[in-house]
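Atoms within a ligand are numbered from 1 in the order they appear, just like the ligands themselves.
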Amino acid sequence: MSLRRLDGIDEVDHLASQVTAGAGATLAALDAAAAPAGLAFGVDLAARGSATLGGMSATNAGGLRMLRYGGMRAQLAGVEAVLADGRVVSHLGGLTKDNTGYDLAGLLAGSEGTLGVITRVRLRLVPRLPARTVALLGFGTTEAALEVLAHLRRALPGTLEAAELFFADGVDLVCGHLGLGPPFPTRWDAYLLVEVAAPHDPTDQLAAAVAECTALETADSAVESDTVGRARLWRYREAHTEAINAAGVPVKLDIALPFGALAGFVPRVREVLSAAVPGSRPVLFGHAGDGNLHVNVLDTGTPERAAAAEDAVLRLVAGLEGSISAEHGIGTAKRPWLHLNRTAEEIAAFRALKAALDPAGILNPHVLLPEAG
Ligand SMILES: Cc1cc2nc3c(=O)[nH]c(=O)nc-3n(C[C@H](O)[C@H](O)[C@H](O)COP(=O)(O)OP(=O)(O)OC[C@H]3O[C@@H](n4cnc5c(N)ncnc54)[C@H](O)[C@@H]3O)c2cc1C
């Protein structure tokens, strides 16, 4: 019998590298529970102190290490949930091989609370890697940054954990907001931050891979392996949200693109916004390793201009065969645009699932599915 701790997290099953936890436990509590077994959780995000395992599952949260471990759906080895009529479905055995029907955990992941209330989750854990190194690189073009990312993916198999892209205007905002000096004497157009993690110090491996590719592309680089140095480099990326929020109330969009369309999207979205909403100010950053960019648009002013900005960006993304919501879900705000990414047949299948599991429509009504009619 496994013991349940006060935070709702059972004793770690170290033989399986799995744990069963209550949906209300936070990501930080899970990480603390996994650490003594030499394990960690594959998903990490800045909201670790408040994000619950139930909320993260319901939103299929991606986070900073998606590149290496996948998102929440990939970590779910089982789920327990209460359906709309009060019945409980529970499949928490966590077997590695188990082809006994529909994957309810996978279905509930990303369902945004519309199909059931998740009460417990069975989660896969990963080895806790003690040695980490971060490199921040500056480039003259987005294309060069993405070429180097492609090279690093090949050169660092199994150790590359994060790859974040941001731009000169975002770094200016961060430096102004925090009173920080710039990362390099040159103001580069595009910045790539990469983190590698391994059982033994990966600094030499990362430095060699960076040297190989920065010799091909004009670039600046800084590499840090101690905790303080790594946090200093991450600050330029992680402070984007607070620096943008301090500059105004942005329209926040969260999109994903095929890798081949990412570099062209960066100038194109600026052109499209300047035509649709003159005077607006886009600030882009995101998880380039996942093809995911956060598009924040400042200075939209009126609700009409904000809606025009949203519409222009989402149509551009859909036209490039990207996703109008990479991480944040559809919620209530993106429902009018769901048809850009999902066919009528797919939306009809969504409605059939909803009707089967929640016929009275009491679970998160007005979320995800467009109004019928
Ligand atoms: C600073 C910050 C950084 C973030 N970074 C990332 C990131 O990098 N990647 C990413 O993907 N996300 C990110 N997020 C968003 C994050 O995924 C969500 O905020 C979080 O995972 C949701 O957890 P929560 O407990 O706060 O859920 P809530 O915000 O409370 O709920 C989210 C949704 O899930 C539903 N829900 C909540 N609990 C349950 C349950 N038990 N059963 C069924 N439905 C439920 C709610 O009804 C709601 O629709 C970030 C958020 C913040 C604030």
Side-chain angles (χ1 to χ4, degrees), residues 7-8 20-31 41-76 79-84 88-90 104-123 161-166 193 195 234-235 237-246 250 252-256 285-294 296 323 325-335 354 357-358 361-369:
D7 53 16
T20 303
T26 62
L27 176 56
L30 173 66
D31 189 59
F41 190 51
V43 176
D44 187 31
L45 33 92
R48 55 188 76 81
S50 62
T52 65
L53 301 175
M56 289 174 63
S57 302
T59 55
N60 188 28
L64 302 168
R65 301 181 193 148
M66 172 114 185
L67 175 64
R68 184 166 189 173
Y69 299 114
M72 273 308 278
R73 188 176 284 125
Q75 320 307 323
L76 281 172
V79 75
E80 176 191 270
V82 181
L83 301 181
V88 175
V89 287
S90 182
L104 290 180
L107 179 64
L108 289 167
S111 66
E112 301 186 36
T114 58
L115 299 179
V117 177
I118 298 167
T119 46
R120 298 180 79 201
V121 284
R122 177 79 177 177
L123 298 168
E161 198 153 293
E164 303 285 312
L165 182 68
F166 44 96
L193 182 144
E195 176 157 335
W234 264 109
R235 201 80 185 107
R237 160 63 183 86
E238 288 207 309
H240 266 66
T241 304
E242 64 184 86
I244 291 167
N245 290 344
K252 285 177 179 279
L253 300 167
D254 164 45
I255 60 99
F285 64 96
H287 313 299
D290 311 327
N292 177 195
L293 280 180
H294 299 300
N296 287 249
S323 166
S325 179
E327 287 186 332
H328 294 168
I330 296 300
T332 53
K334 301 291 181 302
R335 288 188 308 159
K354 173 77 174 166
L357 293 179
D358 178 20
I362 60 171
L363 294 176
N364 268 1
H366 316 301
V367 165
L368 206 163
L369 288 165

For the CD1 atom of Ile255 and the NZ atom of Lys334, what is their distance to the nearest 0.5 Å?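 The distance works out to 11.5 Å.
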
Under 3.5 Å, is there a donor-acceptor pair between the Glu195 and Trp234 side chains?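 Checked: Glu195/Trp234 side chains pair up, N/O donor to acceptor below 3.5 Å.
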
What pairs with Phe285 under ring-ring contact (aromatic ring centres under 6.0 Å, His included), at least two apart in sequence or on another chain?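 Partners of Phe285 by the ring-ring contact (aromatic ring centres under 6.0 Å, His included) criterion, ordered by chain and then number, come out as His240, His294.
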
For residues 46-61, which residue pairs pass the salt bridge (Lys or Arg N to Asp or Glu O under 4.0 Å) check, not counting sequence neighbours?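 Only Asp44-Arg48 qualify under salt bridge (Lys or Arg N to Asp or Glu O under 4.0 Å).
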
Pick out which of Leu30, Leu76, Thr20 makes a side chain to side chain contact (heavy atoms under 4.5 Å, CB included) with Val121.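 Of the listed options, the one satisfying the test is Leu76.
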
Under the side chain to side chain contact (heavy atoms under 4.5 Å, CB included) rule, collect the residues that match up with Ala333, sequence neighbours excluded.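 So Ala333 forms no side chain to side chain contact (heavy atoms under 4.5 Å, CB included) with any residue.
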
Any idea which residues sit under 4.0 Å from ligand 1, heavy-atom distances?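 Contacting ligand 1 under 4.0 Å are Ala23, Leu45, Ala46, Ala47, Ala51, Thr52, Gly54, Gly55, Met56, Ala58, Thr59, Ala61, Gly62, Gly63, Glu112, Gly113, Gly116, Val117, Ile118, His287, Glu327, Asn364.
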
